[in-house]
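Okay, so here's the structure we're looking at.
Values in this document were obtained by computation on a predicted structure and should not be read as measured data. So you know, we letter chains A, B, ... as the sequences are listed, proteins then strands, and number each from 1. All values below were derived from every heavy atom in this structure, side-chain atoms included, with hydrogens, water molecules and symmetry-related copies excluded.
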Amino acid sequence: MNETLLNELNEGQRAAVEYCDGPQLVIAGAGSGKTRVLTYKIAYLLERGMNPWNILALTFTNKAAREMKERIGRLVGQERAQRLQMGTFHSVFARILRSEAENIGFNSNFTIYDQSDSRSLVKNIIKEMGLDDKTYKPASVADRISMAKNHLLLPQQYAVSSWAKGDADAKRPMVTHIYNRYAERCRQANAMDFDDLLVHTFVLLRDHEDIRQKYVERFQYVLVDEYQDTNFAQQEIVLLLTRERGHVCVVGDDAQSIYSFRGANIDNILNFQKMYDGSKLYKLEQNYRSTQLIVQAANSLIRKNERQIHKDVFSKNEEGERLTLKPAYSDKEEAMIVCNDIKRLRRQEQAEYSDFAILYRTNAQSRSFEEQMRKDGIPYRIYGGLSFYQRKEIKDVIAYFRLVANPDDEEALRRIINYPARGIGDTTIGKIVETANLHRVSLWTVIQQPMVFDLKLAKGTQTKIDAFKSMIEGWAAEMANEDAYVLGHSIIMQSGISKDIYSSNNPEDLSRQENLEEFLGGMQDFVESRREEGREDEVLLTDFLQEVALLTDLDSDTDADQPKVSLMTIHAAKGLEFPTVFVVGLEENIFPSPMCINTMRELEEERRLLYVAITRAEKHCILTCAQNRFRYGRMEFDTPSRFIKDFDPRLLRVEGGKADIVGKQSSSFGSSGSFGSPARSGISGYSGGMRRNVQNPRPVATQFVADAKPRLVPIRHEAPRPQSAIGNIGLQEGNVIEHQRFGIGTVIKVEGSGENTKATVEFKNAGIKQLLLKFAKYTIVK
DNA sequence: CACGTCACTGTTTTT
DNA sequence: CAGTGACGTG
């Protein structure tokens, strides 16, 4: 088995897979089979006898983890693969923090604040402190706090650090106090933000040697994917887990480090070898993805960067064609050019719509393409942007859930205490907040015992609050008995949300109704899936919330519909590949982003971003730029991006004879490669809760079915199972089934008997699943 | 306290 | 052009 496995790798990959005795850095050029090395390495470790639960693999997205698990499962069997410890830093450590919560003064039901919760809390604090929100812009302050946490600077340390000095110089001396208050408020609310998941993990492991030992013991081998995009906190956590044994393998490509705005530090990968004594470096340089000319063009671009680990990425695929730059007069024309190319290539090369991706720097750029594609009848799917879970009606519902699970959750409480309107207004909330702050307790504590905290309210108001309080308490009491779907349904009905949303039929409300039903359907799926997987005891509202908090819509990708053109930001395209890639909006003021042109470091990151975009392409890579663009509600003039001159002009064809756009050789600040350059610093699991149509933030014309009278999905009290009870008799290997949600799949294995019969099924689109037949809803096709 | 209107402002990427 | 906040009215 070992041999077969290794034979499918090239020499460099194989060497990287086989070395397991010490710290290891794998620099994997774009398209060089990075994921392949990781999956085979894990399979190799398993084959050598390591237990799957002793292997920790940290990925950048949940989706990547899921896919990798799946691929490993094909190599070594699904049962073993399922027991691997695999996920994002955030999801893996959130789980650990829940089980260790008491050790750091939290309750295991803690809420995870998303970015908008954080910002809103920061904003409230700024207001309460009487600071001017022009000097203290909530978003920037929140970002700064986030950045501090990524560097493991706790409030006390922050206060005496160079950061606080910097704030003082910038006439914002109070940031440190805001940070301090923010941390206290999170604690009172039994809440952690995304960054806290890392900070608290670090503190937990640092301050509790016994606990650290426990996890060192558990995670005998640690692998980190996309290491170039880890931040200081993540680096330190990995170090705490691996420093003795040194069984750590990090994989990444410094040329693809594009998340510094999130605290990612390219030095992590550049300095890995200094951090771990005796570490070995492996380089993967053969690109299997793209044609030669695409690889060469990408190389010519990235050469202009100063800070990088040298490598020679090459391709032995066909030579292919040069990059093409297609200048347009306007953003509108840009969209037309792209759509026409899609139609043309589809005809010429019998390509599917799913073979195309349109990549842009900012989400806002998707608009003109959407419009054009709708006009042309081209099916498309937008990734990212305003996700399903960020929509108002969904966030409202989730806020109720959150409050029921964790009544101390301040942001959830503020959000819904008066939604739907129940006569508890700003004045009242202000009083509650004031009292809570005075006594350093949560808002809920005050509401529960108004006398104790001397909260004075009008009688009428007090009655309303009491009603609200008992409503929440009522649900909380049911939380352990009812599954998430049943409880969620009654919350939506009883809270008045459904009444509010279903009271009118204007188009906006109609779409809110659909979203709500979608969401409820997703909860139902969640509960049923877990039952089918034999996890009957993990179907509660708290389980659902934990799932949902860290889910992004990139994760819910399983819809098997027709092929569609993909539209997304370049950041979201990391790790993906497409036969044809359009990189659009190559203009100054967009790409590089005007926010990122002040330092060499920033500019180099923008250039890496373009590098990432280009290297997503397998066969065709087409760049576009527009001369005029509709922005801020007016037409604006743009010039072509400076990066265009960075390409070797022999590798870039400009359409329409505007050859002057490309450079003869490197020029100007930022594109200086070997010439004198300006001063620089240094050297320089469950597969997707919402499985349906959770995408496009703006309605897509085609998909709105005229459902005469949309109404809340009627509740089912007892999961009906006759269908499957009949169905599973005689189900055996090789059968093809059609599952209610997963679609068509082939039965690979049937085990157990009677009540507990379990089948392993490989679905065409949903991957491999284990189903408890008692609950599964399917019919046998063959 | 709720709701409507008006003016302003700010625009990057996301676990 | 949106999304937000301030302000006034019912």
With respect to the side chain of A/A572, which nucleotide from B/dT14, B/dT15, C/dC1 is positioned closest? B/dT14
Taking the six-membered ring for Trp, are A/F401 and A/F544 parallel (under 30°), tilted (30 to 60°) or perpendicular (over 60°)? perpendicular
Salt-bridged, A/R374 to A/E370, with N to O below 4.0 Å? yes
When the aromatic ring centroids of A/F106 and A/H200 are compared, is their separation below 6.0 Å?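 Distance test on ring centres: under 6.0 Å, yes.
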Write down the protein N/O and nucleotide N/O pairs, taken from nucleotides 9-12 of chain B, whose separation is under 3.5 Å; answer none if there are no such pairs.
unit_1	atom_1	unit_2	atom_2	d
B/dT12	O2	A/R361	NH1	3.1
B/dT12	O2	A/R361	NH2	2.6

How far does the C1' atom of B/dT13 sit from the matching atom of C/dT4, given to the nearest Å?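 Each nucleotide's C1' atom is 22 Å from the other's.
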Rounded to whole Å, please give me the gap between [atom1] in [X] and [atom2] in [N].
X: A/Y383; N: B/dT13; atom1: OH; atom2: P; answer: 18 Å
X: A/Q256; N: B/dT14; atom1: CD; atom2: C1'; answer: 17 Å
X: A/D229; N: B/dT13; atom1: CG; atom2: P; answer: 16 Å
X: A/D117; N: B/dT14; atom1: CG; atom2: P; answer: 18 Å
X: A/L550; N: B/dT14; atom1: CG; atom2: P; answer: 16 Å

Taking the six-membered ring of A/F630 as reference, does the NZ or CZ atom of A/K332 fall below 6.0 Å from its centre and within a 45° cone about the axis? no
Regarding A/R402 and the six-membered ring of A/Y400, is the cationic atom NZ or CZ under 6.0 Å from the ring centre and inside 45° of its axis?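 So A/R402 doesn't make the cation-pi contact.
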Per-pair distances, 0.1 Å, donor-acceptor, side chain in residues 410-421 of chain A, under 3.5 Å, sequence neighbours excluded:
unit_1	atom_1	unit_2	atom_2	d
A/E410	OE1	A/R185	NE	2.9
A/E410	OE2	A/R185	NH2	2.9
A/E410	OE2	A/R414	NH1	3.0
A/E411	OE1	A/S120	OG	2.3
A/R415	NE	A/D396	OD1	2.8
A/R415	NH2	A/D396	OD1	3.2
A/N418	OD1	A/R422	N	2.8
A/N418	OD1	A/G423	N	3.2
A/N418	OD1	A/I424	N	3.2
A/N418	ND2	A/I424	O	3.2
A/Y419	OH	A/D500	OD2	2.8

Atom pair OH (A/Y389) and CZ (A/R391), whose distance is rounded to the nearest 0.5 Å: 10.5 Å
Minimum heavy-atom separation for A/V251 to A/A28, with atom names?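 Where A/V251 meets A/A28 most closely, the heavy atoms are CG1-CB, 4.3 Å.
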Enumerate the protein-to-nucleotides 1-5 of chain B contacts in which both atoms are nitrogen or oxygen and the separation is below 3.5 Å.
unit_1	atom_1	unit_2	atom_2	d
B/dC1	OP1	A/T428	OG1	2.8
B/dC1	OP2	A/T427	OG1	2.0
B/dA2	OP1	A/N418	OD1	3.4
B/dA2	OP1	A/N418	ND2	3.0
B/dA2	OP1	A/G423	N	3.2
B/dA2	OP2	A/N418	ND2	3.4

Just to be sure I understand the rule, does A/F89 reach a base, reach only the sugar-phosphate, or reach nothing, if contact means heavy atoms closer than 4.0 Å? nothing
Are side-chain heavy atoms of A/E587 and A/P640 found at a separation under 4.5 Å?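 Not touching, per the 4.5 Å side-chain cut-off.
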